[in-house]
Amino acid sequence: MSRYDPSLIEPKWQDAWERAGAFTARRDPAKPKYYVLEMFPYPSGRIHMGHVRNYTMGDVVARYKAAQGFSVLHPMGWDAFGMPAENAAMERGGHPKDWTYGNIADMKAQMKPLGLSIDWSRELATCDPEYYGQQQAMFLDMLEAGLVYRKAAVVNWDPVDMTVLANEQVIDGKGWRSGAAVERRELVQWFFRISDYSEELLSALDGLTNWPEKVRLMQANWIGKSRGLQFAFQTVGAPEGFERLEVYTTRPDTLMGASFAAISPDHPLAKALETDPKVAAFVAECRKGGTSAEEIETAEKIGYDTGIRVKHPLDPAWELPVWIANFILMDYGTGAIFGCPAHDQRDFDFASKYGLPIKAVFVAEAAEDAPLTEAFVPMKSERVRYVRGFAGETVQTGEEAVAAAIAHAERHGYGQGVTKYRLRDWGISRQRYWGCPIPVVHCPSCGVVPEKKENLPIELPYDVSFDKPGNPLDRHPTWRDCACPKCGQPAKRETDTMDTFVDSSWYYARFTAPRAKTPTVAEEADYWMNVDQYIGGIEHAILHLLYSRFFARAMHRTGHLPAKAIEPFNALFTQGMVTHEIYMTRDAAGRPVYHLPEEVVRTETGATLKDGTPVEIIPSAKMSKSKKNVVDPMNIIARFGADTARWFVMSDSPPERDVEWTSAGAEAAFKHLSRVWSLCSRIGEMPEGHKGEGDEELARATARAIDEVTKGIEGFAFNKAIASLYAFTNTIARANASTAVMKEAIRTLAKLMSPMTPHIAEEVWAMQGGEGLCAQAPWPKADPALLVDDTVTLPIQINGKRRAEISVPKDMAIPEVEKLALADEDVVRFLAGQPVKKIIVVPGRIINVVV
RNA sequence: GCCCGAGUGGCGGAAUGGUAGACGCAGCGGAUUCAAAAUCCGUCGCCGCAAGGCAUGCGAGUUCGAGUCUCGCCUCGGGCACCA
C-alpha cells in the first residue's frame, strides 16, 4: 500500500484538468449557466489564508455547480491599482507597474497549486491598458449622460509634504510621513451622481433576497433616507444675503425644546463671517484634523457664538443664538440645525459645555418634567407624554408627533416636509499616479473637454519618479501636454486618476468578455450576467457593493449592460475574515512599526523580534498588509499539499464567521486525508463479488451522506458538510459490506469530497473505477427511500427537564404516544403520583409533561 | 461618536423555539511495539460516590419549553465615503 503523497498526485491531476480544458467557460445553450465570483484580490505579492479560504469557497461552489450540470464561469483577476504600489516605489525604489506585475506573477504562482477550477484564459488586471482604456470609454459615456460632474470637496492636506493624504495616512490627526498636523482643504474634484439613485438603490434592496440581511440593513442605513422638516429661521444681525437660515430636522416635534441654532464651519454663513479674525481663527481650528467622519465625530465638540440671532418660527419674540459648531456636517441636510439638548446627546453635551438651556419637550408616559442629567432619546415608536408639544396629541409616539409637526408647519406655512438621503455623491478624483487616468483635457479657451474615444486609452507614462511627494503626473515634463480635442489648441491633461473603487465596480461585467474592444459585448453579457454567487469579505458590505450596484445601473444607462444586470449580484455571501495577532514595535519618533508573524519569536511571556527586541502584541484583527499580520499558506501547502489546506480552511469555522488562524488542525486534516487514502487502498484490494454484511446500512449511510453534504454546500455550511464527511468516512471504515456496496460508498465519498479536496478525490475516483474525470462527473443523488427511518426516539421532559426517552414508530398517533410516555418507568418515578396538568407532544420531536 | 455583527466545554464549533455540546483538535485510558513514532479501540462540559444539581458573556422578560424570541448591559470584531 502506497503512502498518501499529495506532491505526486496534485500536479498530475492539475495537468489532467488543464489538458481536458475542464474549467474553460463556454456559452452552452443546452445548459443553464452559473457565474460564481470571488472578490478579486489586491496583488500584494503573497497570498494569505484569507485568500485560500475565499477562493476555496468559490471553488467548492463552482465545482459543485459544474457537477450539477451547469455551464460555469469562474474567473480570476487583479485589483491592481492603488496606493501600496506607489508606497513601495517610494520606500524601495522601482516602479509601481513593475512591482504590481511582479506581484501578480508571484501570486498567481502561489494560487495555481491550490487546484482552483478557474478559467485563467479570462484573467485581467485593472492596471492593464486593455482594461482601464475601456473604463475611460465608459467614463466618457457617463460624462455625456450627465452622470459625472466636478465640484469642490474637502481632502486631507499635509502642509509639509504639500500633498493629499488618504484617511489611512492620517494618524492621530497627523500625516504618516511628515508628522505634520493635517488640515482640511477644498479641491475641485470629479464626482459620480450616485445620489441621483438614492431611492432606487434603497428600494431595490428589497429584491436582493439572497443577500445577507445585515448587508442590506447596512446599505439602507448608509443611504440614510429620512423624512423631516425643512424650514428657514429669520435671522437677526446676519450679513446681507443671510436673512434666512435654512435648517433641516428629523425631529420637528422637539421644536419647542430648541435652545440654539448651529451651522457647520463650512457653511456659507460661516465663510461670510470669516472677515472677523476671531471667527476665522475658530473655523481654522475646526479645519484641523482629517476629513473622516470618525475623526470629526469623536473630536471634542467646540462652538463659537456668532452673536447672530434667529427668531423661533412658533414665537417671533423668542430668539435663539447661532453658533458655529465643529460637529455639524455641511454634507448632510442643509449644514445647519437647531439644537434640542433634551433629546439629542450631542446637543446635550454641547449645551452643557456652553451653558445653553435644556428643556424637555416630552417625558416618559408616567414621568414628571424634571431636570435631565442626559438626553432623553426613546425609540420613535414609543409613546411619550408631550409637555412642550405643539402638534398632535399630548400622549403619542415620536413618529406620530413628527408627522403632526410637519403637518402643522405646512398648514401654517413656515416649513415643508422633505425627504433626504445621507448618501453623498461619489468623489472619484485621486491626486495619485497609480490609477486610471481621467480622460479629460483642460483647454484655456474651451475649458474642460472630454478626450476623443479614438485617443483611448490615455496611458500612464512610465518615466515617472517617486523621489518627491505629490502626484508625479503633475510634474511630468511632457505627459500633460496635448491638443484640445475641440479646438486643437495646446491644452493640459487632467492629472487626477480614478478611485480604485471604480476599477472594481465593473470587473464582474468585464469577465464576460475580457478581451473585447468595447467595455462589454452584449451577447456575452446577456448570457453570463448576473453573477449567480458573489463571495467576499464583510468589510466590503457598503462601499464596494453599493458602488457596484450604482455602476451597473450607470452602465445600463450608457448601453453597456442589459436591464437585467442592474443588480449584478444575485446572491451574496460574506465570509468571515481570517484574523491574526498584530506585532508592533515603535520607531525613534514613537510611530508604530509592524512586523510579519515569521519575523517574530513567541516567548513564554510574550514575543520578541529575532534580535530580542520586545514586541507589543495587539489582539487579533483582520489580516492586512499595513498591519503585516498575515500568514503565509505556502508553508502549509508545501508540507501537506493543497487538499489539506483546502480541507482545513473549510472545516473549522462556519464560513460567515471570522476565524483566528492557528497552525494546529492542519495536521488533523492531513491525517484524515491519509485515512481516506488507506481506506481506498483497502477497498481496492477487496476481491470482486465478495459478500459482506450490513449492505443496507451502508447504502443508507451513503444516501444520508449525499443528502447532508448536498444540503451543507447549498446552504454555505461547508463545516457541516465536512463533519458529515468525517462521519461517513468512519462509517465506511467500520463497515464490512459487500465489495460492490463498499466501492459505491467510497466512490460517492470521493465525489462528495471533490469540491473541497479535488486532487485526492480524483485519485480515489480513478482507483475505484469511476468513469472519466471526477471533476466532470455528475453529482450523486440520494435515494429518498433510504433516507427515512421507521422509528423515532422521543425525549420526555417533565416541566421542561429531560427525564426519559422512548422509541416509537414514526407515525404513531399522539394519544398512543401520550399513553406510552406516561407508562414509562422513569416517568412514573419522577411523577411520584403527582397529577398531570398537561401533556404536550410535538410529533417526531419531544414530549413535555407538565405537573 | 454613529451603523452592523459576534459571544456555547481546554480549543474550533453543532443544535426548523423541542434531548445543549454533532464532527474535529487537544487531553486521559487501553491495544499494537523490545521501545518509540505512526495506527487502532475506548473515554472526555463542570460539581457530586451516587441520586442529582449547575451550565450557551451578564441581568430581566415571553413560553409547557429559550443557545435560539423581546428589552437593558458588557466584551470583542467590521464599516464610517482617499486602505483595498
Side-chain angles (χ1 to χ4, degrees), chain A residues 39 41-42 44 79 81-84 155-156 164-170 189 194 212-215 217-222 224 290-299 301 327 331 345-346 349 422-432 499-501 503-504 537-544 546-547 574 576-577 579 619-622 624-626 651-654 656-660 662 664-665 667-669 671-672 674-675 678 717 719-720 722-727 730 733 793-805 837-840 842 844-850:
Chain A
M39 290 178 186
Y42 180 81
S44 60
D79 190 12
F81 275 136
M83 290 201 306
V155 294
N156 299 305
V164 176
L165 298 178
N167 285 337
E168 186 189 53
Q169 297 171 316
V170 178
Q189 310 198 63
I194 189 173
E213 187 56 44
K214 63 177 169 183
V215 174
L217 189 57
M218 279 191 263
Q219 292 214 352
N221 289 339
W222 185 260
T291 60
S292 72
E294 185 187 1
E295 195 165 336
I296 290 166
E297 290 188 39
T298 53
K301 291 166 191 61
F327 61 95
D331 295 311
Q345 191 58 42
R346 280 188 311 191
D349 297 341
R422 205 184 69 104
L423 181 64
R424 309 201 296 258
D425 277 336
W426 174 13
I428 59 155
S429 286
R430 298 293 180 268
Q431 295 69 41
R432 270 183 263 283
D499 179 6
T500 56
F501 274 124
D503 311 340
S504 56
I538 184 68
E539 68 271 27
H540 296 294
I542 297 174
L543 294 180
H544 162 62
L546 192 62
Y547 289 150
T574 54
M577 286 166 300
T579 62
S620 273
K622 161 177 112 164
S624 79
K625 296 169 289 296
S626 59
S651 67
D652 251 14
S653 281
E656 67 278 10
R657 199 124 116 197
D658 289 355
V659 57
E660 160 94 43
T662 70
E667 292 268 0
K671 275 187 200 172
H672 177 74
S674 302
R675 267 196 296 274
S678 54
N719 56 325
K720 284 189 265 172
I722 284 184
S724 313
L725 286 168
Y726 269 113
N730 290 337
T793 303
L794 291 180
I796 302 173
Q797 294 183 336
I798 294 170
N799 283 348
K801 282 191 192 290
R802 183 183 172 280
R803 297 298 187 189
E805 63 179 38
K837 276 194 203 146
K838 195 168 165 190
I839 178 161
I840 295 150
V842 184
R845 275 291 178 194
I846 203 166
I847 302 159
N848 194 8
V849 182
V850 186

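A note on names: the letters A, B, ... follow the listed sequences, proteins ahead of strands, and every chain is numbered from 1. Computation of the quantities below employed the complete heavy-atom set of this structure, encompassing side-chain atoms and omitting hydrogens, waters and symmetry-equivalent molecules.
- Checking B:C80, B:U39, B:G79 against the side-chain heavy atoms of A:Glu539 singles out B:G79 as nearest.
- Atom CD1 in A:Ile542 sits about 13 Å away from atom P in B:C82, given to the nearest Å.
- Nucleotides B:U68 and B:G59 have their P atoms positioned 13 Å apart, rounded to a whole Å.
- Residue A:His672 is out of contact with every strand shown, counting any heavy-atom pair closer than 4.0 Å.
- As judged by a 4.0 angstrom heavy-atom cut-off over every strand, A:Val849 is placed among residues making no nucleic acid contact.
- Look at the C1' atom in both B:G10 and B:A26: the space between them is 8 Å, to the nearest Å.
- Side chain of A:Gln189 to backbone of A:Ile428: no donor-acceptor contact under 3.5 angstrom is found.
- Heavy atoms of A:Gly576 sit nowhere under 4.0 angstrom from any nucleic acid atom.
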Residue pair A:Val215, A:Ile538: steps toward the side-chain contact (heavy atoms from CB on, under 4.5 Å) verdict: CA-CA 8 Å; A:Val215 174; A:Ile538 184 68; 3.9 Å; yes
Worked check of side-chain contact (heavy atoms from CB on, under 4.5 Å) between A:Ile796 and A:Arg803: CA-CA 6 Å; A:Ile796 302 173; A:Arg803 297 298 187 189; 5.8 Å; no
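- Between the side chain of A:Glu294 and the base of B:C80, at least one donor-acceptor pair of N or O atoms lies under 3.5 Å.
- Nucleotide B:G1 holds its P atom 10 Å from the CD atom of A:Gln345, rounded to whole Å.
- Counting non-hydrogen atoms under 4.0 angstrom, A:Lys301 reaches nothing in the nucleic acid.
- Between A:Ser653 and B:G12 there is no side-chain polar atom (N or O) within less than 4.0 angstrom of OP1 or OP2.
- Between B:C82, B:C2, B:C80, one nucleotide has an atom nearer to the side chain of A:Arg430 than all others, and that is B:C82.
- For the C1' atom pair drawn from B:C58 and B:C74, the interatomic distance equals 7 Å after rounding to whole Å.
- A:Tyr547 places its OH atom 9 Å from the P atom of B:A81, with the value rounded to the nearest Å.
- The side chain of A:Tyr42 has B:A84 as its nearest neighbour among B:A84, B:G18, B:A81.
- The line from CZ of A:Phe501 to NE2 of A:His544 is 8.0 Å long, rounded to the nearest 0.5 Å.
- Computed from coordinates, the A:Asn167 CG to B:C80 P distance equals 8 Å when rounded to whole Å.
- Relative to the side chain of A:Arg675, the nucleotides B:A81, B:C40, B:G78 differ in distance, and B:C40 lies closest.
- Nucleic acid contact for A:Gln219: none, since no nucleic acid atom lies under 4.0 Å from a heavy atom of the residue.
- For the atom pair CD (A:Gln797) and CD1 (A:Ile847), the distance works out to 10.0 Å, reported to the nearest 0.5 Å.
- Taking atom NE2 on A:His544 and atom C1' on B:G78, their separation rounds to 16 Å, with Å as the unit.
- Because its glycosidic torsion is more than 90° from 0, B:G10 is reported here as anti.
- Among the atoms of the strands shown, only primed sugar atoms or phosphate atoms (P, OP1, OP2) are found under 4.0 Å from some heavy atom of A:Arg803.
- Protein atom CD1 of A:Ile840 is 18 Å distant from nucleotide atom P of B:G17, rounded to whole Å.
- Rounding to the nearest 0.5 angstrom, the gap separating the CD atom in A:Glu297 from the CZ atom in A:Arg346 is 5.5 Å.
- Considering only side-chain atoms of A:Ala668, the nucleotide from B:C82, B:G24, B:C2 that sits closest is B:G24.
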Write down the protein N/O and nucleotide N/O pairs, taken from nucleotides 4-8 of chain B, whose separation is under 3.5 Å; answer none if there are no such pairs.
residue	atom	partner	partner atom	Å
B:G7	OP1	A:Arg657	NH1	3.2

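- Taking the C1' atoms as reference points, B:C83 lies 48 Å from B:C28, given to the whole Å.
- Among the heavy atoms of the strands lying under 4.0 Å from A:Gln431 is at least one base atom, whether or not backbone atoms are also near.
- As rounded to the nearest Å, B:G9 and B:A55 have C1' atoms that lie 10 Å from one another.
- We find that CD of A:Glu168 is positioned 11 Å from P of B:G79, with the value rounded to whole Å.
- As a whole-Å value, the separation of A:Leu423 CG from B:G79 P is 19 Å.
- Taking atom P on both B:C71 and B:A20, the two are 26 Å apart, rounded to the nearest angstrom.
- Here the side chain of A:Glu295 pairs a donor or acceptor atom with the backbone of A:Gly290 at under 3.5 angstrom.
- The same atom, P, is picked in B:G79 and in B:G72; the two are 26 Å apart, to the nearest Å.
- For A:Arg424 and B:C80, the shortest distance from a side-chain N or O to OP1 or OP2 is not below 4.0 Å.
- At least one side-chain nitrogen or oxygen of A:Lys801 sits closer than 4.0 Å to the OP1 or OP2 atom of B:C54.
- A:Glu667 contributes no side-chain N or O that forms a donor-acceptor pair with the base of B:C25 under 3.5 Å.
- Within 4.0 Å (heavy atoms only), A:Thr500 reaches sugar-phosphate atoms of the nucleic acid but no base atom.
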Contact list (N/O, under 3.5 angstrom) for nucleotides 19-23 of chain B vs protein:
residue	atom	partner	partner atom	Å
B:U19	O2	A:Arg802	NE	2.8
B:U19	O2	A:Arg802	NH2	3.3

Dot-bracket pairing map - RNA chain B, Watson-Crick plus G-U, both contacts under 3.5 Å, | cross-strand: (((((((..(((.....[....))).(((((.......))))).(((....)))..(((((..]....))))))))))))....
